Amino acid sequence: MRKQTKIAAVVSAAALLALGASMTSFAAAKGTWMMEDGEWKCYNKNGEPYYNEFCSSNGKEYYVGDDGFIVRSQWVEGSDGELYFVNSSGAKITNDWRLTSPNDDESADEEWFYFQSSGKMAVNKKISYKGNYRFT
């Protein structure tokens, strides 16, 4: 009886380790970053670079452009057609206001834009800020 208990324990431990390894590889499948030509590129698990999409790292999302390199301090249009803004480090702005030129006219005066928890620019929304409401 004792031998069967040890075998069951070993099999269970092996199964748990395999499950843990597969979950780790799944979580890390997106977001392997490498420096190239002095700038960052994001690669998938097959070693292929991502293009025109957000790539995650350390709980933040960064946008890589059509050349595969990280995009900084500008508007980006997500694959969902929504507008986002990335800061000077390339991270998507979330739950925050940003003073910048409108996406469709960089020569226009700067305006305040609010980016929701998803990072999407708020459009026609009532936003609470320090106890006051503002419409976007």
Side-chain angles (χ1 to χ4, degrees):
M1 182 82 167
R2 235 181 133 137
K3 187 174 184 180
Q4 290 174 340
T5 304
K6 286 182 182 179
I7 291 172
V10 169
V11 170
S12 296
L16 286 172
L17 286 172
L19 178 62
S22 68
M23 292 191 61
T24 300
S25 64
F26 175 74
K30 192 170 185 180
T32 301
W33 292 89
M34 294 179 66
M35 179 72 78
E36 285 186 24
D37 300 325
E39 195 54 87
W40 293 102
K41 268 191 167 180
C42 186
Y43 291 86
N44 66 21
K45 64 182 177 183
N46 298 322
E48 300 162 344
Y50 286 105
Y51 297 101
N52 298 315
E53 66 181 286
F54 285 100
C55 196
S56 60
S57 178
N58 296 325
K60 293 187 179 183
E61 293 185 30
Y62 301 83
Y63 193 81
V64 291
D66 55 6
D67 59 359
F69 289 104
I70 195 168
V71 172
R72 299 173 191 275
S73 299
Q74 66 184 29
W75 290 94
V76 295
E77 184 176 339
S79 58
D80 57 3
E82 297 287 340
L83 289 175
Y84 300 84
F85 196 87
V86 293
N87 64 20
S88 60
S89 69
K92 180 194 299 183
I93 302 294
T94 58
N95 295 319
D96 203 3
W97 292 91
R98 183 62 45 154
L99 179 63
T100 188
S101 299
N103 177 54
D104 55 356
D105 187 2
E106 290 187 18
S107 65
D109 290 338
E110 291 183 326
E111 298 176 31
W112 285 100
F113 297 92
Y114 185 78
F115 297 90
Q116 303 168 83
S117 61
S118 64
K120 294 177 185 178
M121 181 184 74
V123 178
N124 297 323
K125 299 223 179 210
K126 183 177 173 181
I127 305 295
S128 172
Y129 181 71
K130 294 186 178 180
N132 296 315
Y133 289 96
R134 180 179 174 153
F135 290 93
T136 61

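If you're wondering where the values come from, they're calculated on a predicted model, not measured in any experiment.
Side-chain contact between V64 and W33 is present, with heavy atoms from C-beta onward closer than 4.5 Å. Annotation: side chain of E39 is in contact with side chain of I70 (closest heavy-atom distance under 4.5 Å).
Both F54 and V71 are part of a single hydrophobic cluster, where members link through side-chain heavy atoms under 4.5 Å apart.
Residues passing the side chain to side chain donor-acceptor pair (under 3.5 Å) test with D80, sequence neighbours excluded: Y84. Partners of D105 according to the side chain to side chain donor-acceptor pair (under 3.5 Å) rule, which considers only residues two or more places apart in sequence or in another chain, are S107.
Between the side chain of N44 and the backbone N or O of N46 there is at least one donor-acceptor pair closer than 3.5 Å. A donor-acceptor pair under 3.5 Å is absent between the side-chain atoms of D66 and the main chain of N52, judged by distance alone. A donor-acceptor pair is defined here as one N or O able to donate and one able to accept, closer than 3.5 Å; no such pair exists between the side chain of K60 and the backbone of G90. Put simply, the side chain of Y51 never gets that close to the backbone of G65: no donor and acceptor are under 3.5 Å apart.
With rounding to the nearest 0.5 Å, the separation of OG in S89 from OH in Y62 is 5.0 Å. Taken from CH2 in W97 to CD in E111, the straight-line distance is 11.5 Å, to the nearest 0.5 Å. Rounding to the nearest 0.5 angstrom, the gap separating the CG atom in D96 from the OG atom in S117 is 12.5 Å. Separation of atoms OG1 (T94) and CD (E61) is listed at 9.0 Å; rounding is to 0.5 Å. Put simply, CD1 on I93 and CZ on F113 are 13.0 Å apart, with the number rounded to the nearest 0.5 Å. Distance NZ/K92 to NZ/K120: 9.0 Å, rounded to 0.5 Å.
Taking the centre of each ring, W40 and Y50 stay at or above the 6.0 Å mark.
Here the closest non-hydrogen pair linking A108 and S101 is O-OG, 3.6 Å. The shortest non-hydrogen separation linking S88 to S73 is CA-OG, 3.1 Å.
When the shell of 6.0 Å around CD of E106 is examined, it contains 12 or fewer heavy atoms from other residues, nucleotides or ligands.
Using cut-offs of 30° and 60° for the angle between ring planes, the F115 and W75 rings count as tilted.
A cation-pi arrangement is not found for K125 relative to Y114, the charged atom failing to lie both closer than 6.0 Å to the ring centre and inside a 45° cone about the ring normal.
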